Enquirer: 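Below are the structure tokens for one structure; questions will follow.
None of these values were measured; they are calculated from a predicted model. Starting from 1, each residue takes its place in the sequence as its number.
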Amino acid sequence: MDIQLLMRLDRMLPPRILTLQADFAAAKRLHDDGFIEASPQMHSTKSGIGLHAMLVKVITAKGSLAVAQEKARSDIKQKCA
């Protein structure tokens with residue numbers, strides 16, 4: 001699971017737009033697994049080359065639960081260290 005991206009999306013303010021190719025691919029996987037609601041978009045640039053982007057609309061309840069569980073794990077690790 002791409003929990004790092006999900007955690008980063010949780011901290012981002014809307015509109016959440018991902019343009020990096022790795023983020024785009026991870027967002028597709030998160031969408032397919034039901035963690036986020038997102039839609040792919042195509043943006044044009046001055047040079048005319050299309051830029052792929054993913055607009056993340058909502059982190060679903062399943063995604064929010066995964067974020068909460070990861071935060072709890074992180075807190076436990078910090079207390080043990």
Side-chain angles (χ1 to χ4, degrees):
M1 184 174 31
D2 300 296
I3 193 69
Q4 290 87 4
L5 177 61
L6 194 57
M7 296 286 289
R8 201 171 77 211
L9 287 170
D10 185 51
R11 291 189 303 266
M12 291 172 69
L13 296 175
R16 300 175 182 119
I17 299 174
L18 305 173
T19 56
L20 293 175
Q21 191 64 31
D23 289 347
F24 187 82
K28 276 196 219 178
R29 290 190 297 270
L30 287 171
H31 179 265
D32 292 343
D33 291 338
F35 289 99
I36 61 173
E37 289 182 17
S39 61
Q41 296 189 339
M42 188 74 140
H43 296 279
S44 60
T45 61
K46 288 182 181 180
S47 63
I49 298 171
L51 174 69
H52 291 281
M54 181 73 73
L55 173 64
V56 179
K57 298 173 186 172
V58 174
I59 298 175
T60 64
K62 185 177 179 182
S64 295
L65 180 62
V67 168
Q69 288 173 342
E70 185 63 25
K71 285 180 181 178
R73 274 189 230 121
S74 176
D75 289 344
I76 290 171
K77 285 180 185 177
Q78 287 179 354
K79 288 179 184 177
C80 292

Enquirer: Can you pull the salt bridge (charged side-chain N to carboxylate O under 4.0 Å, His left out) pairs that have at least one residue in residues 55-66, sequence neighbours excluded?
Expert: none
Enquirer: Which atoms form the tightest heavy-atom contact between Leu55 and Pro15, and what is the distance?
Expert: CD1-CB, 4.3 Å
Enquirer: Pro40 and Met54: which non-hydrogen atoms are nearest, and at how many Å?
Expert: N-SD, 3.7 Å
Enquirer: How far does CZ of Arg16 sit from CD1 of Ile36, to the nearest 0.5 angstrom?
Expert: 9.5 Å
Enquirer: Atom CD1 in Ile59, atom CG in Leu6: separation rounded to 0.5 Å?
Expert: 5.5 Å
Enquirer: What is the minimum heavy-atom distance between Lys71 and Met7, and which atoms define it?
Expert: CG-CE, 3.8 Å
Enquirer: So which atom in Thr19 and which in Ala53 form the shortest heavy-atom distance, rounded to 0.1 Å?
Expert: CG2-CB, 4.0 Å
Enquirer: State the CG-CG distance between Leu5 and Leu20, to the nearest 0.5 angstrom.
Expert: 10.0 Å
Enquirer: What I'd like to find out is whether the side chain of Leu9 reaches to under 4.5 Å of the side chain of Leu18, using heavy atoms alone.
Expert: yes
Enquirer: Decide whether Val58 and Val67 are clustered together by the hydrophobic rule: side chain heavy atoms of Ile, Leu, Val, Met, Phe, Trp, Tyr closer than 4.5 Å, transitively.
Expert: no
Enquirer: Of the non-hydrogen atoms in Ala66 and Ile3, which two are nearest, and what is the gap between them?
Expert: O-CD1, 3.9 Å
